[in-house]
Amino acid sequence: AARQLRKRQHQKTKHPSHANRLPGSFDDGRVPEGRQVCRRHELYVSFQDLGWLDWVIAPQGYSAFYCEGECAFPLDSCMNATNHAILQSLVHLMKPEAAPKACCAPTKLSATSVLYYDSNNNVILKKHRNMVVKTCGCH
Amino acid sequence: VGEPWARAPSSRAASCRQQQPPPPPHRRLSGREKREMQREILALLGLPGRPRPRARPASPSRPGAGAARQQPPSAAPLFMLDLYRAAASQDDEGEREGELGGPWSLAWARGLPRSSAADGADTVMSFVNLVELDRDLFHPKPYWKEFRFDLTPIPAEEAVTAAEFRIYKMQSFSWHGNQTLHISIHEIVQEHRNRESELLFLDLQDFQAQAEGWLVFDISAASNHWLLNRRYNLGLRLYVETEDGQSIDPGLAGFLGRHGPRSKQPFVVTFFRASPSQSRTPR
């Protein structure tokens, strides 16, 4: 166990940008059958490519993060998962009709702002709270 | 993610990607998917379609861009860009420190005037001056300057928390520098043909004649009246007086209007709370 813990700590420093990644046997980002574990993905939206820079002042584009992947909880690699999600997975395994499968979802969100012109040349600054996915986890 | 959406990876992102397993093969978004995504972004912004600014205004963040190359950015976009930068850096700071103040509190800390009502605002909107009338030296006293702004683009369900009228004052060389000037701003409530308009006092500030810079007046009461009764938006009137009550032509006192430099033209800023977002169909 001590050896495994040291290994985990080493991997944690090696992968600082993905602290929400499930440790242990899934550290390569994929479950044994080639499926992806719950993780944050990035989709960059460029306002320039959309041809919208005549009305969007800032930003020039934004990273739209989303959570995607499968939640699985082997007994020896569940340190990052909530107990509730583990229990839900077990119940789902035994009685699929009683509880849905645990799913990958945002666990931390932050705000983002957009500055743009309207059709009357007025300028609007809109702040959207809880828009940017910071971390993903199993629910 | 198809080519139209892709970007060159930043060094930080690139270093992260080196440690990740190779991403699944990207596919090009079809025209229909692209249009769907455009619609979704517009829906997030609460817009029925993409805005089409009338005169392709110059972008304050991209000076000299596109067709607006000849025109420098005007005052309102510059002010709003400063607010945007303050909000963006505050978002970063809030993430680092784990605490969130008012959305614009950093902007106030940077020297922009603080308004407690504006602290809880989710949206800030600036309005350009549409009409300007002057009662100057060629008219009988008192002298004044009138401005009109169209606030109808604000949705009826939005709650305005604060509104400010911002006007630039140059140094006045017509008066002694140390002379104090009283500047008052009024809402025009009703206009009459044969007598003076009915006014509602909004704000008063005192300044030295030699002072130069932006003056900010609280017009929250007027903006609320205009939103409640949109047909009765008759504008704002500005008076300048000396300490002994003598009326002064605002132009001579150094106040700039529509004919001043673009970066110093008057505008109105409103702060309001966003209404709860409508439910959207998840993709």
Side-chain angles (χ1 to χ4, degrees), chain A residues 11 14-18 21 26-30 34-37 39-64 66 68 108-132 134, chain B residues 1 3-7 12-13 15-16 19-21 23-24 34 37-38 41 44-47 50-57 59-62 65-68 74 76-77 79-81 83-85 87-88 91 94-95 100 103-104 121-128 150 152-153 267 274 277:
Chain A
Q11 281 162 347
K14 194 179 169 187
H15 303 286
S17 61
H18 292 281
R21 172 185 286 192
F26 296 158
D27 275 343
D28 61 352
R30 290 169 189 282
R35 291 168 294 173
Q36 278 200 333
V37 296
R39 202 168 60 181
R40 193 176 74 155
H41 296 260
E42 180 183 349
L43 166 73
Y44 186 78
V45 178
S46 164
F47 290 136
Q48 186 164 16
D49 292 342
L50 288 172
W52 279 1
L53 288 190
D54 61 334
W55 65 277
V56 178
I57 301 170
Q60 297 215 350
Y62 66 94
S63 289
Y66 61 97
E68 193 178 54
K108 188 183 171 193
L109 297 160
S110 67
T112 189
S113 302
V114 187
L115 184 68
Y116 60 94
Y117 285 102
D118 69 5
S119 298
N120 300 316
N121 285 19
N122 300 317
V123 183
I124 299 163
L125 172 58
K126 200 167 264 194
K127 185 179 181 115
H128 298 272
R129 296 173 194 271
N130 301 326
M131 278 295 291
V132 182
K134 306 303 289 185
Chain B
V1 183
E3 199 175 278
W5 309 91
R7 65 167 174 174
R12 189 176 151 201
S15 67
C16 290
Q19 297 163 358
Q20 291 176 21
K34 208 189 296 182
M37 193 167 287
Q38 288 178 345
I41 296 168
L44 277 172
L45 292 169
L47 299 171
R50 59 162 290 182
R52 297 192 182 276
R54 278 193 292 259
R56 287 177 63 88
S59 168
S61 60
R62 299 179 294 279
S74 56
F79 170 80
M80 297 292 282
L81 188 64
L83 269 189
Y84 168 82
R85 286 177 179 145
D91 288 344
E95 280 168 24
L100 286 171
W104 321 111
D122 291 301
T123 306
V124 186
M125 199 164 174
S126 71
F127 297 90
V128 292
D150 180 12
T152 50
F267 60 96
S277 59

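Per chain, numbering begins at 1; letters A, B, ... match sequence-line order. All figures in this text were calculated on a predicted structure; none of them were measured in a lab. Below, all heavy atoms of this structure are taken into account, side chains as well, without hydrogens, waters or symmetry copies.
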CG on B:Leu44 to NZ on A:Lys126, rounded to 0.5 Å: 10.0 Å
Is there a donor-acceptor contact under 3.5 Å from the side chain of A:Ser119 to the main chain of B:Arg52? yes
How long is the gap from CG on A:Asp118 to CG on B:Leu47, to the nearest 0.5 Å? 8.5 Å
Heavy-atom pair with the smallest gap, counting every atom of B:Met80 and A:Leu115: CB-CD1, 3.7 Å
Could you go through the side-chain contact (heavy atoms from CB on, under 4.5 Å) check for B:Val124 and A:Lys127 one step at a time? CA-CA 9 Å; B:Val124 186; A:Lys127 185 179 181 115; over 6 Å; no
Enter the distance from A:Tyr62:OH to B:Ile41:CD1 here, rounded to the nearest 0.5 Å. 3.5 Å
Would A:Asp54 and B:Arg50 count as a side-chain contact (heavy atoms from CB on, under 4.5 Å) here? Give the steps. CA-CA 10 Å; A:Asp54 61 334; B:Arg50 59 162 290 182; 2.7 Å; yes
dist B:Phe127:CZ -> A:Ile124:CD1 (nearest 0.5 Å) comes out at 7.5 Å
Heavy atoms of A:Ser113 and B:Tyr84 approach each other most closely as O-CE1, 3.4 Å
Closest non-hydrogen atoms of B:Gln38 and A:Leu50, given as atom of the first, atom of the second and distance, are NE2-CD2, 3.1 Å
Measure across A:Arg129 and B:Asp122 and return the closest heavy-atom pair with its distance rounded to 0.1 Å. NE-OD1, 2.7 Å
To the nearest 0.5 Å, how far apart are OG1 in B:Thr152 and CG in A:Asn120? 7.0 Å
